[in-house]
Amino acid sequence: MTNRKLYALLDCNNFYASCERLFRPELEGRPLVVLSNNDGCVIARSAEAKALGIGMGEPYHRCRRLLDTHQVEVFSSNYALYGDLSRRVMDILGRLEPEVEVYSIDEAFFRLPQGSPEQIQANGRAIRATVRRQVGLPVSIGYGPTKTLAKIANRIAKKQPAHDGVFAILPGRNIDQLLSTIEVGEIWGIGRQSTRKLALRGICTGLDLKNADPAWVRKMLTVTGARTQLELRGTPCIDLEAAPSPRKSIVTSRSFGRPVTSLGDLREAVTTYMTIAAAKLRGSHQKTGCLQVFLTTNRFRADAPQYADSRAVNLSLATSTTAELIGRGLTLINELYRPGYVYQKVGVMLTDLQPDSCGQGELFVPPESPKNHELMTALDNINHRWGHDTMRYAAAGFTRPWWLRQAKKSPAYTTNWKELPVVKAW
DNA sequence: TCTGGGGTCCTAGGACCC
DNA sequence: TCTGGGGTCCTAGGACCC
């Protein structure tokens, strides 16, 4: 029993909002929100913005008035910035803790030996202080005997200021009393549909779910629900994944910045997204055996005719060559296109991903020329060195009127020489 | 006018086989 | 009233996550 391990979750507070504030310190203490791609919805809020009652996922056009009234700072999302700051936080955690799983852009699980409550507290405070000092972002850390309980502990650490950003659920403490204060829908893995089913049976709190009949839970919420229940009971079912498993699919899609009706615009967009997806594919040293294109009209426009469809093609020889993928994608969009509709979004999806090294050939298909590989490496190197759009396929278009709206984007402070912040001393 | 994007896992049901 | 049974594989769709 002495070598029992404890799970922990580090989570950056209001991550995107905090990133924006990092380079605009005058916004400290002021309400601030970050919008989704295309400036569509609110996807991050500072504490002050939450207090104003601005909901997560609320459409921008619906809360614009409220934002204006309270002079809320509004930002388009800036993933280059968030990705870079995330990497810095994860690097620090990786130096401090041996067993780390980066779970999302703003969260990481880690595992450590069971210690005294004082030792756990000290561990959390040290990590928190280091991240604050070296990156400048606030984080919260929760500890528990399972990942699910660590998630709950993290939530408490964040919500109750008295804990100062660190909270541990330790064996022997009164876990049941704590679970009785947690709404079942707040638990990791319990979404809206499950919450509704559970409510019908009078299961409303974490404690209710912990004590519910396991057979019933298994039947209603499938094995994932059964696992969650076991985790609430202190039995770890969801392991730490220290080595990230290879990606299984890649999707690139965006809403259009303005309505699109022509096949020409759709073809430019497919080319652009396929270029992004192919670069990502090579970045993870994979190739794809199946590609898919989908498009859709705006489903919120009840007055407009609706159309959505997708089409896929299997490749006899897996590839990661941009030009070939673009060619296939354009054939698919030609087949999908129907005139007379106003399109809102198009996307490409690569599935059946394989490791680059996997050299399975095909009897009646000539192997891919090694020149393709050299060309792609050169392309990637140039774009990495000089910026992601330095060399591109002409079919992607030049003016791109359909490109998404990002009216309020902050500079790429940390990833672009031209946008470095300038410090003035006097 | 205006409503994000990118993933994973699980299950039910159909097709197919012997 | 009767119409086999059991297994595998694939896919679409649902649910969930951040």
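Every chain is numbered from 1 and lettered A, B, ... according to where its sequence line falls, protein lines coming before strand lines.
- Within 4.0 Å of R254(A), counting heavy atoms only, lie sugar-phosphate atoms of the nucleic acid but no base atom.
- Out of dT8(B), dC18(C), dG5(B), the shortest distance to the side chain of R247(A) is found at dT8(B).
- Within a heavy-atom distance below 4.0 Å of DNA chain B, the residues of residues 276-284 of chain A found are K280(A).
- If you check every strand for non-hydrogen atoms under 4.0 Å, R258(A) touches nothing.
- At a cut-off of 3.5 Å, with distance as the only test, a side-chain donor of N13(A) or S140(A) sits close to an acceptor on the other residue.
- Across dG5(B), dG7(B), dC18(C), the shortest atom-to-atom separation from the side chain of N37(A) is found for dG5(B).
- Remark: E73(A) engages R30(A) in a salt bridge, criterion side-chain N to carboxylate O under 4.0 Å.
- Of the residues in residues 63-96 of chain A, none has a non-hydrogen atom less than 4.0 angstrom from any atom of DNA chain C.
- Remark: Q344(A), K345(A) in residues 323-352 of chain A come within less than 4.0 Å of DNA chain B through at least one heavy atom.
- Closest to the side chain of F300(A), from the set dG5(B), dT3(B), dT8(B), is dT3(B).
- Here the closest heavy-atom approach between residue D389(A) and residue N383(A) is recorded as C-OD1, 4.2 Å.
- The residue I190(A) sits close only to the backbone: its heavy atoms come under 4.0 Å of sugar-phosphate atoms, none of a base.
- Both R299(A) and S245(A) lie near DNA chain B, and the one whose nearest nucleotide falls closer to the 5' end is R299(A).
- For Y103(A) and F110(A), the distance between ring centers is not under 6.0 angstrom.
- A gap of 25 Å separates the P atoms of dC18(C) and dT3(B), to the nearest Å.
- Distance CZ (R405(A)) to P (dG4(B)): 10 Å, rounded to an integer number of Å.
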- Protein heavy-atom contacts under 4.0 Å, written 5' to 3' over nucleotides 9-15 of chain C as B (base), S (sugar-phosphate only) or - (none), form the string ------S
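- Rounded to a whole Å, the CG atom of N38(A) is 10 Å from the P atom of dC2(B).
- Of the candidate nucleotides dC18(C), dG5(B), dT3(B), dG5(B) has the atom nearest to the side chain of S253(A).
- Inspection of the N37(A) and R405(A) side chains reveals no N or O donor paired with an N or O acceptor under 3.5 Å.
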- Note on the structure: With both pairing distances under 3.5 angstrom for Watson-Crick or G-U wobble, and | for a partner in another strand, the correct string for DNA chain B is ....||||||||||||||
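- Of the N and O atoms on the side chains of T148(A) and T146(A), not one donor lies less than 3.5 Å from an acceptor on the other residue.
- In this structure, the CG atom of L353(A) is 13 Å from the C1' atom of dT8(B), given to the nearest Å.
- Each of I43(A) and K248(A) was assigned the nucleotide of DNA chain B with the nearest heavy atom; the assignment lying further toward the 5' end belongs to I43(A).
- Judged by distance alone, the side chains of S410(A) and E20(A) do bring a donor and an acceptor atom under 3.5 Å apart.
- Across all strands, E58(A) comes closer than 4.0 Å to no nucleic acid atom at all (heavy-atom distances).
- Here the side chain of E419(A) pairs a donor or acceptor atom with the backbone of A412(A) at under 3.5 angstrom.
- In this structure a side-chain-to-backbone donor-acceptor pair under 3.5 Å is missing from E99(A) to L112(A).
- Ion pairing between D309(A) and R338(A) fails under the 4.0 Å rule for side-chain N and carboxylate O.
- In this structure a side-chain-to-backbone donor-acceptor pair under 3.5 Å is present from S36(A) to C41(A).
- Every residue two or more places apart in sequence or in another chain was checked for a ring-ring contact (aromatic ring centres under 6.0 Å, His included) with Y7(A), and none qualifies.
- Taking only side-chain atoms of S249(A), from C-beta outward, the nucleotide of dC18(C), dG5(B), dG7(B) with the closest atom is dG7(B).
- Rounded to whole angstrom, the span from the CD atom of E186(A) across to the P atom of dC17(C) amounts to 12 Å.
- For the pair T377(A) (side chain) and H373(A) (backbone), a donor-acceptor distance under 3.5 Å is present.
- N123(A) and E97(A) share a side-chain donor-acceptor pair at under 3.5 Å.
- The residue D39(A) sits apart from the nucleic acid: no heavy atom pair falls under 4.0 Å.
- In terms of phosphate contacts, S255(A) brings a side-chain nitrogen or oxygen within less than 4.0 Å of OP1 or OP2 of dG5(B).
- Using a 4.0 Å heavy-atom distance criterion, I250(A) is classed as a sugar-phosphate-only contact.
- Between F109(A) and W188(A), the ring center distance clears the sub-6.0 Å criterion.
- A salt bridge links R21(A) to E48(A): one of the charged nitrogens lies within less than 4.0 Å of a carboxylate oxygen.
- Atom CZ of R299(A) is surrounded by 12 or fewer heavy atoms from other residues, nucleotides or ligands within 6.0 Å.
- Residue N298(A) places its side chain closer to dT3(B) than to any other of dG4(B), dC17(C), dT3(B).
- Defined by atom type and a distance below 3.5 Å, a donor-acceptor pair is missing between the side-chain atoms of S46(A) and N14(A).
- If you take CG of D106(A) and C1' of dC18(C), they are 7 Å apart, rounded to a whole angstrom.
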